[in-house]
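Contents: one structure, followed by commentary.
Residue numbering restarts at 1 for every chain, and letters A, B, ... go by the order of the sequence lines. Quick note: numbers below take in every heavy atom, side chains included, and nothing from hydrogens, waters or symmetry partners.
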Protein chains: 2
Amino acid sequence: MDIKIVDVASKANVSPATVSRVLNGHSYVKSSTREKVMRAIESLGYHPNAVAKNLRSQRSMTIGVIVPDINASYFAEIIKGIENMAYSRKYRVIICDAENQQDKEMEYLGLLMSRTVDGMILVTPSTADEEIVRLTDKGYEVAVIGRAVEHPKVPCIFTDNVKFSKEVVDYLVSLGHRDIVFLSGYANAVDSFERLEGYLKGLKEHHIPFRPELVENGNFNERGGYEAMKRLLDKGLGFTAVYAANDEMALGVYKACDEAGLRIPEQLSVVGVDNNRISKYITPALTTVNQPKYAMGAVIAEKLIDQMNADEFSEKRVFKVDSELIVRQSSGSL
Amino acid sequence: MDIKIVDVASKANVSPATVSRVLNGHSYVKSSTREKVMRAIESLGYHPNAVAKNLRSQRSMTIGVIVPDINASYFAEIIKGIENMAYSRKYRVIICDAENQQDKEMEYLGLLMSRTVDGMILVTPSTADEEIVRLTDKGYEVAVIGRAVEHPKVPCIFTDNVKFSKEVVDYLVSLGHRDIVFLSGYANAVDSFERLEGYLKGLKEHHIPFRPELVENGNFNERGGYEAMKRLLDKGLGFTAVYAANDEMALGVYKACDEAGLRIPEQLSVVGVDNNRISKYITPALTTVNQPKYAMGAVIAEKLIDQMNADEFSEKRVFKVDSELIVRQSSGSL
DNA sequence: ATTCAAACTGAAATCGATTTCAATAAAGTT
DNA sequence: AACTTTATTGAAATCGATTTCAGTTTGAAT
């Protein structure tokens with residue numbers, strides 16, 4: 001049922017080699033034969049089998065991306081950046097959505113490891129560094145978004161979690177807040193860890209004693225943020241501001257506050273991270289930290305593609321990009 | 001540098017065939033040899049080359065999905081539904097984001113056509129029906145979300161655009177509106193077309209004369225909605241309600257109204273379609289039409305997989321699912 | 001008219017797995 | 001003991017393209 005290159009060849013009275021030459025165009029082919037072949041291709045509706053092609057040529061011109069959740073605009077924006085850069089370099093992108101499940105993440109990693117892609121970009125905060133190092137040493141082309149990995153061949157791009165988290169604390173303190181809740185994401189993510197670190201650093205610098213009871217885990221999603229906030233409110237701890245490690249959790253905080261009749265920002269200031277698309281539409285508009293998501297995706301895709309095509313690796317491998325605090329209406333002075 | 005099956009074979013002192021048998025487990029292998037092979041695999045860190053495997057076995061256990069925009073929650077939800085169903089059936093999913101560009105859509109279609117996937121799901125409103133029929137006749141397994149395609153082998157799932165659009169008009173008329181704007185999406189999308197049809201049908205039923213100047217195109221995105229609304233406002237046409245063919249455009253309408261000092265819903269009622277995640281967070285919360293996106297993805301994935309594995313095709317191929325109007329605060333009586 | 005390079009083409013090897021076929025060994029069956 | 005049947009393995013063919021190698025034509029240069 002399938003049309004193969006030999007079918008085209010026999011229809012055009014040439015060898016498969018010639019058809020291949022016409023198809024790929026890096027060799028001499030007489031223009032009259034080229035036309036014969038083209039006509040045969042056309043009339044048979046021939047489509048080359050990429051699986052065979054990739055096997056022989058040992059490349060697929062595709063790169064794979066694994067993200068924890070395509071629904072989160074943070075990742076969706078990154079993907080757009082990757083996609084457009086890759087597209088302009090004639091690469092195609094396949095996206096794997098791990099849906100925040102570690103087993104799926106591993107599963108998809110296995111899929112990409114089986115040579116279906118020429119390179120991969122991991123945006124997954126939970127794949128261990130050692131795993132990435134191992135992959136790279138095995139000869140896979142891997143790039144990482146969201147943190148630094150110690151390996152001379154792995155391009156990385158990330159924002160300084162510690163730095164901007166400290167800046168959030170600085171900002172809240174400048175508004176007069178001293179009792180600041182930190183809402184963390186899931187435990188095995190570097191982002192959670194480093195944002196907590198920045199939070200602590202900020203407190204320390206302002207000589208504010210750390211109150212461990214003000215740190216709660218919200219798993220990076222709305223529901224987690226909602227439940228964490230309810231726990232905090234139930235305990236009746238005194239606090240005037242919440243720094244949520246991402247906007248999704250901040251959304252949950254809004255909901256909990258709404259139910260508890262707590263007004264934002266009059267009674268509680270809320271700051272998120274990601275500049276999620278929703279954050280500017282919600283009322284009050286959420287103060288948040290913006291990361292250059294699209295650019296991060298584009299830069300890392302470019303580096304990866306460069307590296308795949310040149311054996312000398314790039315002078316610059318690790319990119320730390322700046323993020324900015326976007327002050328909106330969810331935060332105010334005491 | 002790469003470890004191949006022959007390497008494993010020679011390390012374990014067996015033939016490649018035996019290694020393959022161990023790997024795939026559908027043949028007799030003495031348990032002692034199995035262990036030898038396993039040890040060799042382990043110690044060499046062997047990963048089978050899926051490209052070669054797929055070429056030989058003529059299947060990849062992956063299905064490809066093309067969507068116009070992964071950033072839109074309508075598509076993201078559909079993808080989730082597909083992904084989870086596929087995953088439970090041991091299929092992997094690769095997602096192609098056409099970014100609302102028709103050339104990219106074609107490009108990705110070409111990618112999927114080159115036998116890298118066992119089947120494909122198109123959620124693209126702009127791929128022509130004839131193209132889909134042609135693909136299917138050529139032996140590709142294709143399923144479609146969002147409309148019906150006339151071909152006995154193509155599973156389809158969609159909501160009745162005409163029906164719910166008419167219901168939107170019914171609803172607005174019941175609130176007393178008679179001058180209703182219709183904001184259409186881009187012209188080559190069936191959705192635009194059918195939603196307009198429902199709008200017209202609704203007007204007709206209520207004996208409201210059709211005013212062509214009240215129909216504008218907003219290209220299904222926020223910006224388009226904003227600009228279309230501005231054009232309408234500039235023209236100073238009298239209207240009291242807007243039916244936007246999706247929520248994204250409704251967002252643009254909000255922005256234009258905000259700038260023009262027009263209050264929603266007091267001075268203008270707005271209704272969207274999709275029940276986009278943002279729609280419930282925006283103020284006033286948007287009245288919209290909900291489609292069972294996740295379920296649609298799951299159902300079509302299941303049908304496609306069934307069809308790929310059984311030669312007899314399913315009795316039921318076309319699924320029309322119900323959508324519901326979610327009334328929120330953006331619409332009110334005159 | 002002869003020579004040499006460039007243009008053009010096909011046969012066969014190759015990519016890395018799976019699978020068929022056939023051969024042998026072990027285990028039951030009468 | 002002779003004869004099936006079942007278990008176990010390897011050699012070789014195969015999937016559908018690309019690419020090397022070598023051979024033939026053509027065209028230009030001497």
DNA chain D: 5'-proximal contact among Ser20(A) and Ser57(B) (nearest heavy atom) | Ser57(B)
To the nearest Å, how far apart are Arg59(B) CZ and dG16(D) C1'?
-> 19 Å
Could you state the CD1-P distance from Ile3(A) to dC15(D), rounded to the nearest angstrom?
-> 15 Å
Would you say dT18(D) has OP1 or OP2 under 4.0 Å from some side-chain N or O of His26(A)?
-> no
Which whole-number value in Å describes the distance from Leu55(B) CG to dC15(C) C1'?
-> 9 Å
So does Tyr28(A) get a side-chain nitrogen or oxygen closer than 4.0 Å to the phosphate oxygens (OP1/OP2) of dT25(D)?
-> no
Do the side-chain N or O atoms of Thr33(B) get closer than 4.0 angstrom to the phosphate oxygens (OP1, OP2) of dT8(D)?
-> no
Asn13(A) CG - dT9(C) P separation (whole Å) = 12 Å
Any Asn24(A) side-chain N or O less than 4.0 Å from OP1/OP2 of dT18(D) = yes
Donor-acceptor pair between Arg89(A) and Asn84(A) side chains, under 3.5 angstrom = no
Centres of the Tyr186(B) and Phe220(B) rings: under 6.0 Å?
-> yes
Gln101(A) CD: over 12 foreign heavy atoms closer than 6.0 Å | yes
Respond yes when some side-chain nitrogen or oxygen of Lys30(A) is under 4.0 Å from OP1 or OP2 of dA7(C), and no when none is.
-> no
Whole-Å gap separating C1' (dA17(C)) and CG (Leu44(B)) | 16 Å
Indicate, with a heavy-atom threshold strictly under 4.0 Å, whether Val14(A) touches base, sugar-phosphate, or nothing.
-> sugar-phosphate
Counting any heavy atom closer than 4.0 Å, what does Val51(A) reach on the DNA or RNA strands: base, sugar-phosphate only, or nothing?
-> nothing
N or O in side chain of Gln58(A) less than 4.0 angstrom from dT14(C) OP1/OP2 = no
Got a salt bridge between Arg134(B) and Glu131(B), using NZ or NE/NH1/NH2 to carboxylate O under 4.0 Å?
-> yes
Look at the side chain of Arg56(A) against the base of dG16(C) and say whether a donor-acceptor pair falls under 3.5 Å; ignore hydrogens and angles.
-> no
Derivation of the side-chain contact (heavy atoms from CB on, under 4.5 Å) call for Asn54(A) and Thr116(A) = CA-CA 8 Å; Asn54(A) 295 347; Thr116(A) 32; over 6 Å; no
Tell me what Thr18(A) touches on the nucleic acid: a base, only sugar-phosphate, or nothing, going by heavy atoms under 4.0 Å.
-> sugar-phosphate
Mind calculating the distance between CG (Leu23(A)) and P (dG16(D)) to the nearest angstrom?
-> 15 Å
Can you tell me the distance, in whole Å, between the NZ atom of Lys4(A) and the P atom of dG16(D)?
-> 4 Å
Indicate yes or no: at least one non-hydrogen side-chain atom of Arg147(B) is less than 4.5 angstrom from one of Cys156(B).
-> no
Of Val19(B) and Ala52(A), whose closest DNA chain C nucleotide lies nearer the 5' terminus?
-> Ala52(A)
Check if the side chain of Arg21(B) and the base of dT20(C) share a donor-acceptor pair of N or O atoms closer than 3.5 Å.
-> yes
dG16(D) P sits how many Å from Lys53(B) NZ, rounded?
-> 17 Å
Base, sugar-phosphate alone, or nothing: which one does Asn54(A) contact when heavy atoms must sit under 4.0 Å apart?
-> nothing
